[in-house]
Asks: 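This is the structure I want to talk about, given as C-alpha cells.
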Amino acid sequence: MTEEIRLAIGVPSSGFVRAGFAHSLANMMGHLASVGIQSRPGATLLIQLNMVEGSVIHMAREEIVTRAFEQNSTHLLFLDDDMVFSADILDDLMAHRKPMIITNYLLKTENPKFLTVDMDSREILTSKKSTGLQVAQSGGFGVSLFEMEVFKKTPQPWFLPLYLPEVKKYTTEDVPFFYRTRQVGYTTYVDHDASKKIAHIGNKVWEWNRL
C-alpha cells in the first residue's frame with residue numbers, strides 16, 4: 001500500500017515574516033513539488049499551509065494543531081517565521097520516522113546558547129562533530145516535526161505556559177509541552193544534522209559606540 005503523508009505546515013506569526021523565512025519556505029515548497037520526500041520513496045504527499053497571526057504564541061500553536069486535525073493531517077511541521085532552513089529539511093526530519101523530532105538552535109541573546117537541553121537540564125551543543133539523534137528534555141519549535149498521534153494522546157492544553165512562583169515568571173510554551181508529552185510516553189529527539197541546516201534570525205542595533 002502506498003504511504004500517504006498529509007502534512008500540515010504551521011506558521012505562528014505576529015504578522016510580519018522575515019525575507020529569509022519567505023525565501024526558505026518558497027524553496028522548500030518547490031523542492032517538495034519537484035521531488036517529494038526523498039526519504040519516503042513512493043509516498044504521496046498532500047500539503048496544507050496554516051499561518052495563524054496573533055500576539056499570543058501558545059494560542060496560535062493550539063489553533064494550528066486544531067486546524068491540522070480538521071484537515072485530517074498525519075504530520076505537523078512547525079516553521080517559526082524567524083527561522084531559515086534548507087529546502088530539503090523535511091527529508092532529514094521525516095527519515096527518522098519518530099513521533100517527535102526537533103532541531104537545535106541558538107537563542108537570540110547577547111551571549112547565545114543552544115535552546116535544547118538534555119534529561120539533566122544541561123545545554124545540548126550542536127558542533128561540527130555532532131551527528132544523528134540525541135534524546136532531549138525540551139527544546140524549541142522553530143523547525144520541528146510531529147506525528148499527529150502525539151496531539152491525540154496528549155491532553156489539551158498542549159502549549160499552556162506554567163507560572164513559576166519562586167521566580168515570579170511564566171515559562172515559554174515549549175517546556176510544558178514536552179513535559180506533557182513525556183508524561184504520556186513520548187520521547188523528544190533532537191536531530192544534529194538537520195540542526196546544521198537551519199538558523200535563527202534576530203535583530204541587532206548597531207550604534208557608533210558599540211564596536
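All values reported here derive from a predicted model rather than from experimental measurement.
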Asks: Counting only N and O atoms by type, is there a donor-acceptor contact under 3.5 Å from the side chain of W158 to the main-chain atoms of E62?
Replies: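 No, because the side chain of W158 does not come within donor-acceptor range (under 3.5 Å) of the backbone of E62.
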
Asks: Rounded to the nearest 0.5 Å, what's the gap from OG1 on T116 to CD1 on I102? Could you check?
Replies: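 So the OG1 of T116 and the CD1 of I102 are separated by 4.0 Å.
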
Asks: To the closest 0.5 Å, what do you measure between CZ (F146) and CG (L76)?
Replies: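 It comes to 7.0 Å.
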
Asks: How would you list all residue pairs meeting salt bridge (Lys or Arg N to Asp or Glu O under 4.0 Å) that involve residues 41-53, not counting sequence neighbours?
Replies: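 Listed by first then second residue: nothing to list.
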
Asks: Between T109 and N111, do the side chains contain an N or O donor and an N or O acceptor separated by less than 3.5 Å?
Replies: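 Looking only at side-chain atoms, N111 and T109 do not form any donor-acceptor pair under 3.5 Å.
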
Asks: For F69, look at atom CZ and say whether over 12 heavy atoms of other residues, nucleotides or ligands are found less than 6.0 Å away.
Replies: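 Yes - once you tally the heavy atoms of other residues, nucleotides and ligands closer than 6.0 Å, there are more than 12.
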
Asks: Which heavy atom of E149 sits nearest a heavy atom of P99, and at what distance?
Replies: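 In this case the closest contact between E149 and P99 is OE2-CG, 4.1 Å.
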
Asks: Would you check if there is a donor-acceptor pair between the side chains of S195 and N104 at a distance under 3.5 Å?
Replies: no

Asks: Could you pull out the closest heavy-atom pair between D174 and G140, with the gap in Å?
Replies: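 Looking at all heavy atoms of both residues, the closest pair is OD2-CA, 3.9 Å.
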
Asks: Using the rule that Ile, Leu, Val, Met, Phe, Trp and Tyr join whenever any side-chain heavy atoms are under 4.5 Å apart, tell me whether F114 and F141 fall into a single cluster.
Replies: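 Each belongs to a different hydrophobic cluster.
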
Asks: Are side-chain heavy atoms of V11 and L49 found at a separation under 4.5 Å?
Replies: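 Yes, at least one pair of side-chain atoms sits under 4.5 Å.
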
Asks: Can you give me the closest heavy-atom contact between A68 and M148, atom names plus distance?
Replies: CB-CE, 3.7 Å

Asks: Given side chain to side chain contact (heavy atoms under 4.5 Å, CB included), test M94 with I5 step by step and report yes or no.
Replies: CA-CA 10 Å; M94 278 282 186; I5 297 172; 3.7 Å; yes

Asks: Going from CZ on F151 to CD1 on I64, what distance comes out if it is rounded to the nearest 0.5 angstrom?
Replies: 10.0 Å

Asks: Partners of E4 by salt bridge (charged side-chain N to carboxylate O under 4.0 Å, His left out), sequence neighbours excluded?
Replies: R6

Asks: What residues form a salt bridge (charged side-chain N to carboxylate O under 4.0 Å, His left out) with K108, not counting sequence neighbours?
Replies: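 Listed in chain order: D82.
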
Asks: Listed by chain and number, what are the salt bridge (charged side-chain N to carboxylate O under 4.0 Å, His left out) partners of D80, not counting sequence neighbours?
Replies: R61

Asks: Between A194 and L93, which heavy-atom pair has the shortest distance, and what is it?
Replies: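 The answer is CB-CD2, 3.9 Å.
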
Asks: Looking at residues at least two apart in the chain, or sitting in another chain, which of them share a side-chain contact (heavy atoms from CB on, under 4.5 Å) with Y163?
Replies: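 Y163 satisfies side-chain contact (heavy atoms from CB on, under 4.5 Å) with P165, K168, Y170 only.
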
Asks: Compare all side-chain heavy atoms of P155 with those of R180 and state whether any distance is below 4.5 angstrom.
Replies: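 Of all side-chain heavy-atom pairs linking R180 with P155, none is under 4.5 Å.
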
Asks: So, H200 side chain and L106 main chain: donor-acceptor pair closer than 3.5 Å or not?
Replies: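 The answer is yes, because a donor-acceptor pair under 3.5 Å joins these two groups.
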
Asks: Tell me whether D92 is salt-bridged to K197, with the criterion being a basic N under 4.0 Å from an acidic carboxylate O.
Replies: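 Salt bridge flag = yes for K197 with D92.
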
Asks: At their closest point, which heavy atom of V135 faces which heavy atom of I124, and how far apart are they?
Replies: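 Minimum heavy-atom separation between V135 and I124: O-CD1, 3.9 Å.
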
Asks: R122: which residues meet the salt bridge (charged side-chain N to carboxylate O under 4.0 Å, His left out) condition with it, sequence neighbours left out?
Replies: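 Testing R122 for salt bridge (charged side-chain N to carboxylate O under 4.0 Å, His left out), a comparison that skips the adjacent residues, returns D118, D120.
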
Asks: Would you confirm whether E123, through its side chain, and L115, through its main-chain N or O, come within 3.5 Å as a donor-acceptor pair?
Replies: no

Asks: Can you name the side-chain contact (heavy atoms from CB on, under 4.5 Å) partners of M59, sequence neighbours left out?
Replies: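 side-chain contact (heavy atoms from CB on, under 4.5 Å) check on M59 returns V56.
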
Asks: Would you mind reporting whether L79 and M28 have side-chain heavy atoms less than 4.5 Å apart?
Replies: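 Side chain of M28 against side chain of L79, heavy atoms only: contact under 4.5 Å found.
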
Asks: Identify, with sequence neighbours excluded, every residue that meets side-chain contact (heavy atoms from CB on, under 4.5 Å) alongside H96.
Replies: K98, I101, L133, D191

Asks: Are F78 and V143 close enough, and set up right, to give a side chain to side chain contact (heavy atoms under 4.5 Å, CB included), and what steps lead you there?
Replies: CA-CA 6 Å; F78 272 126; V143 178; over 6 Å; no

Asks: Hey, are Q71 and N50 close enough side-chain-wise for a donor-acceptor pair under 3.5 Å?
Replies: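 Their side chains do contain a donor-acceptor pair, which is all the 3.5 Å distance test asks for.
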
Asks: How about Y105 and T126: do any of their side-chain heavy atoms sit closer than 4.5 Å?
Replies: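 Counting from C-beta outward, Y105 and T126 never come under 4.5 Å.
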
Asks: Per the side-chain hydrogen bond (donor to acceptor under 3.5 Å, both in side chains) rule, what does the pair list look like for residues 36-46, sequence neighbours excluded?
Replies: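 Qualifying pairs: E3-R40.
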
Asks: As an exercise, state the distance from CD1 of I37 to CG of L45, rounded to the nearest 0.5 Å.
Replies: 4.5 Å

Asks: Nearest 0.5 angstrom please: T171 OG1 to L162 CG, how far?
Replies: 4.5 Å

Asks: Is there a side chain to side chain contact (heavy atoms under 4.5 Å, CB included) between I47 and M29 once you walk through the steps?
Replies: CA-CA 9 Å; I47 300 175; M29 297 297 276; 4.0 Å; yes

Asks: Is there a path of hydrophobic side-chain contacts, each under 4.5 Å between heavy atoms of I/L/V/M/F/W/Y residues, joining V17 to V52?
Replies: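 Not linked; separate clusters.
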
Asks: When rounded to the nearest 0.5 angstrom, what is the spacing between NE2 in H31 and OG in S86?
Replies: 8.0 Å

Asks: Side chains of T74 and L7: does their closest heavy-atom pair fall under 4.5 Å?
Replies: no

Asks: With sequence neighbours excluded, tell me which residues meet ring-ring contact (aromatic ring centres under 6.0 Å, His included) with Y189.
Replies: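 Y189: no ring-ring contact (aromatic ring centres under 6.0 Å, His included) contacts found.
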
Asks: I need the full list of side-chain hydrogen bond (donor to acceptor under 3.5 Å, both in side chains) pairs touching residues 130-145, with sequence neighbours left out, sorted by first then second residue.
Replies: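 Only S121-Q137, S127-S130, T131-D193, Q134-H192 qualify under side-chain hydrogen bond (donor to acceptor under 3.5 Å, both in side chains).
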
Asks: Checking T181 now: which residues fulfil side-chain contact (heavy atoms from CB on, under 4.5 Å) with it, not counting sequence neighbours?
Replies: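 side-chain contact (heavy atoms from CB on, under 4.5 Å) list for T181, sorted by chain: M100, V150, T154, F177, F178, Y186.
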
Asks: Could you walk me through whether V84 and I198 satisfy the side chain to side chain contact (heavy atoms under 4.5 Å, CB included) test, starting with their C-alpha distance in whole Å, then the side-chain angles of each, then the deciding distance to 0.1 Å, before giving a yes or no?
Replies: CA-CA 5 Å; V84 293; I198 68 167; over 6 Å; no

